[in-house]
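What follows is one structure encoded as structure tokens, with my remarks underneath.
Just so we're on the same page: letters track the sequence lines, and every chain starts at 1.
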Amino acid sequence: MPHNPDHPPAKKFKPGSPFFRLDKKPGMLLPRKENVSVPIDVQRKNLPIYQAKSQLINQLRQLHNAVLIGETGSGKTTQIPQYLYEAGIARQGIVAVTQPRRVAAISLATRVAEEKRTQLGKLVGYTVRFEDVTSSETKLKFMTDGMLLREAIGDPLLLRYTVVVLDEAHERTVHTDVLFGVVKAAQRKRREQNKVPLKVVRHDSKSTYDDRQDCGCGASVRPEQEAPASHDILVFMTGQEEIEALARTCRDIAKHLPDSCGPMTVIPLYASLPPAQQLRVFQPAPKGCRKVILSTNIAETSITISGIKYVIDTGMVKAKRFNPESGLEVLAVQRVSKAQAWQRAGRAGREDSGSVYRLYTEDEFDNLIPMTVPEIQRCNLASVMLQLLALGIPDVMNFDFMSKPSPGKQQAMRSAVEQLDLLGAVGRKGEQVTLTPLGKKMASFPLEPRYAKTILLSPDFQCSEEVLTIVSLLSVDSVLYNPPARREECLAARKKFTTSEGDHLTLLNIYRAFKKVNANKEWCRENFVNSRNMSMVGEVRAQLREICLKLSMKLESCGSDTGSVRRCLAHGLFVNAAELQPDGSYTALDTHQPVAIHPSSVLFQAKPAYVVFNELLHTSKCYMRDLCLVDADWLVEAAPEYFRRKLRPTKS
DNA sequence: GAAGGAGAA
């Protein structure tokens with residue numbers, strides 16, 4: 001049992017911390033009052049971090065590395081870069097502040113520029129993909145961690161920067177994890193070469209809820225009946241299907257609520273929802289009406305909704321896992337970590353008091369793993385390894401990753417190198433792994449290695465323009481909407497574009513049609529096409545095309561000769577090939593494991609003899625997603641040695 | 001025989 005709530009430990013809330021306990025009722029939180037009418041420099045001085053300013057500056061002057069622990073709202077992300085600048089610590093270069101998300105980088109830069117009373121892009125700027133709002137004057141630069149990683153390929157010593165601040169490091173995204181090693185290596189090399197030193201500041205966030213495990217374990221209360229109607233509820237669930245099902249149930253219930261309850265509106269929230277529907281979560285419910293938001297983990301960090309009084313946490317999350325032996329990524333429902341449970345709890349009562357109801361017992365809570373497994377231990381490392389090699393890291397197998405290399409990770413790294421080897425991106429000199437000229441070209445694309453390879457192969461098949469389009473379509477979020485309520489309509493609309501050649505060419509047809517109507521929004525709505533993601537395809541395509549031109553590739557269109565596109569895909573994706581079996585099932589040629597066609601594929605009801613696919617997804621079955629019909633001969637010509645071992649003798 | 005957690009370059 002946690003401490004006796006009647007005698008809370010004395011240490012808990014420092015003055016100025018964003019929350020202090022309102023009373024002894026479990027889970028009650030009260031925030032600092034924000035006053036928008038207060039002038040900006042007074043607001044800055046009111047931040048908790050301000051009291052420590054001179055001490056922080058002194059420390060930062062002396063230290064090469066610093067870890068800063070502060071609570072949400074302490075002002076560390078906006079103030080530290082300014083302190084560094086004001087103290088002249090960053091005089092010889094730029095202060096980079098990295099963020100895992102684009103919106104965060106942009107909004108922080110906007111805020112700091114406001115505080116500095118300068119135009120965004122002058123002293124304070126930001127860089128995210130497709131958007132560079134900086135100039136030669138920029139000294140404080142907010143950027144996505146992925147962007148700094150890209151920059152590091154051209155400048156491994158990060159010589160433009162004197163300080164790198166890695167914010168939200170506790171989220172442990174792949175990019176931040178890799179950046180840690182890269183920045184440390186740059187720091188060391190700069191010291192060795194007597195260059196201007198590089199400071200590294202890592203921001204971490206401190207949970208204010210450490211000692212509150214007594215709050216709300218086991219949901220016995222029905223907030224929807226007992227609380228005032230203005231109190232909104234946020235429910236954390238695992239996925240779209242589950243959310244839509246519960247939304248229907250809730251709406252039914254809402255029709256038959258007793259008068260004492262008042263009406264409620266149910267709003268689903270997940271990433272693949274059209275933007276207009278996502279925005280609904282921010283609209284206040286009509287007066288006297290309760291807002292109930294059913295959300296995936298998107299509301300844990302990416303979307304912050306104000307006015308949430310209650311959080312209901314199912315304790316489950318859908319997340320990727322990686323099996324290094326099969327090289328298979330598995331999307332599976334699993335328990336959240338304690339850190340995640342607290343993060344969810346913290347989404348309630350951001351402006352006022354709030355509570356969390358956990359749909360699991362205190363015992364179950366105690367048995368949760370303390371921290372979420374870092375993403376880098378849950379994904380395919382092929383792309384990461386290629387990047388490290390391109391950065392000129394001498395010994396990639398022993399790269400200084402944030403987490404200690406576990407046996408599992410060693411295996412994951414080996415299988416990643418094997419994949420790169422099959423793609424011709426790496427060679428080996430004894431124990432050392434080296435990048436081939438092809439691998440170097442592949443690394444210059446912001447893409448999964450196999451897609452980069454496919455693009456690089458495309459000139460051989462005179463279909464680069466088509467392959468550029470297809471790869472761009474595959475590297476953004478889905479351009480297709482599939483609203484469950486309008487399934488029939490949706491299928492009918494899509495029929496116009498489907499081809500028995502598979503999903504890649506179906507997508508190409510949709511893109512061509514989209515271009516033909518000049519990106520008409522009405523056309524998008526009628527055809528269940530996500531116009532925002534479709535526009536993104538255009539931007540990605542332009543970026544990839546630019547890289548091709550820099551590599552002096554000859555870019556041609558094959559027009560209606562779609563066979564050459566499929567042949568090119570067969571050559572690029574030959575590792576992901578599957579063969580129809582006499583019993584009508586499919587077997588992956590690489591691992592010989594049984595696989596099935598995903599129901600979202602246009603080939604779902606077809607029985608092609610050979611296909612290549614983009615990815616395997618293990619949910620209820622091991623599904624192939626995004627399939628392309630290919631000839632067995634093409635696979636053999638793509639990798640004769642490889643397929644001599646893999647193909648069934650009777651077929652070839 | 002029937003389904004896609006969230007990010008990012």
Side-chain angles (χ1 to χ4, degrees), chain A residues 98-105 127-131 143-153 168 171-179 236-245 269-273 295-303 314 316-321 329-334 336 340 343 372 375-376 378-379 383-384 386-387 390 443-449 451-452 471-472 475-484 487 491 536 539-540 543-544 547 583-586 596-601 604-607 614-626:
Chain A
T98 70
Q99 293 293 321
R101 284 168 291 277
R102 295 166 53 98
V103 272
T127 306
V128 297
R129 192 181 189 184
F130 306 130
E131 244 184 296
M143 59 205 301
T144 42
D145 43 19
M147 209 62 214
L148 185 58
L149 213 47
R150 274 279 135 197
E151 279 191 13
I153 292 182
E168 310 285 10
E171 284 189 28
R172 302 295 305 270
T173 66
V174 174
H175 286 151
T176 323
D177 268 28
V178 175
L179 261 183
F236 281 103
M237 302 175 64
T238 61
Q240 172 178 342
E241 195 183 357
E242 194 193 22
I243 286 170
E244 291 293 350
L269 177 63
Y270 43 86
S272 63
L273 221 51
S295 173
T296 60
N297 42 345
I298 192 171
E300 268 173 28
T301 50
S302 302
I303 292 181
T314 58
M316 304 302 279
V317 65
K318 204 180 276 185
K320 237 174 216 171
R321 281 191 207 160
E329 288 181 327
V330 177
L331 195 58
V333 173
Q334 46 201 303
V336 296
Q340 231 173 336
Q343 176 69 23
T372 312
E375 198 189 354
I376 202 156
R378 296 187 281 119
C379 69
S383 185
V384 170
L386 184 64
Q387 258 179 342
S444 59
F445 290 93
L447 291 171
E448 287 289 313
Y451 294 144
V471 168
S472 305
S475 65
V476 302
D477 288 337
S478 176
V479 297
L480 308 176
Y481 280 128
N482 293 298
R487 240 190 77 198
L491 285 174
M536 182 77 91
E539 289 186 88
V540 174
Q543 186 187 29
L544 299 179
I547 296 168
D583 67 356
S585 71
Y586 282 87
I597 300 178
H598 194 276
S600 66
S601 172
F604 182 56
Q605 276 149 331
K607 292 273 179 218
N614 286 344
E615 57 178 359
L616 281 180
L617 187 73
H618 197 124
T619 47
S620 59
K621 273 185 193 168
C622 194
Y623 284 111
M624 303 178 273
R625 279 218 297 205
D626 299 309

- Message: What is the distance, to the nearest angstrom, from the CD atom on E171(A) to the C1' atom on dG5(B)?
- Response: 14 Å

- Message: Heavy-atom nearest nucleotide on DNA chain B for S383(A) versus S272(A): which residue maps closer to 5'?
- Response: S272(A)

- Query: Between T144(A) and dA9(B), is there a side-chain N or O to OP1/OP2 distance below 4.0 Å?
  - Reply: yes

- Round to the nearest Å and state the distance from H175(A) atom NE2 to dA6(B) atom P. 18 Å

- Task: Indicate yes or no: does E241(A) engage K318(A) in a salt bridge with an N to O separation below 4.0 Å.
- Result: no

- Item | Separation of atom CD in Q605(A) from atom C1' in dA2(B), rounded to whole Å | 9 Å

- Task: Take the protein atom CD of Q334(A) and the nucleotide atom P of dA6(B), then report the distance between them rounded to whole Å.
- Result: 14 Å

- Query: Is there a donor in the side chain of H598(A) and an acceptor in the side chain of S600(A), or the other way round, less than 3.5 Å apart?
  - Reply: yes

- Query: Taking the chi torsion of dG4(B), is it syn (within 90° of 0) or anti (everything else)?
  - Reply: syn

- Relative to the 5' end of DNA chain B, which residue comes earlier, T238(A) or Q543(A), by the nucleotide with the nearest heavy atom? T238(A)

- Tell me whether the OP1 or OP2 atom of dA6(B) has a side-chain N or O from T296(A) closer than 4.0 Å. yes

- Query: Of all the nucleotides listed (dA9(B), dG5(B), dA3(B)), which has the minimum atom distance to the side chain of R378(A)?
  - Reply: dG5(B)

- Item | For atom CZ of R102(A) and atom P of dA9(B), their distance in whole Å | 5 Å

- Query: To the nearest angstrom, how far is E244(A) atom CD from dG4(B) atom C1'?
  - Reply: 13 Å

- Below 4.0 Å: OP1/OP2 of dA3(B) and any side-chain N or O of Y623(A): yes

- Query: Between dA9(B), dG7(B), dG5(B), which nucleotide gets closest to the side-chain atoms of M147(A)?
  - Reply: dA9(B)

- Length of the NZ-P vector between K320(A) and dG4(B), whole Å: 12 Å

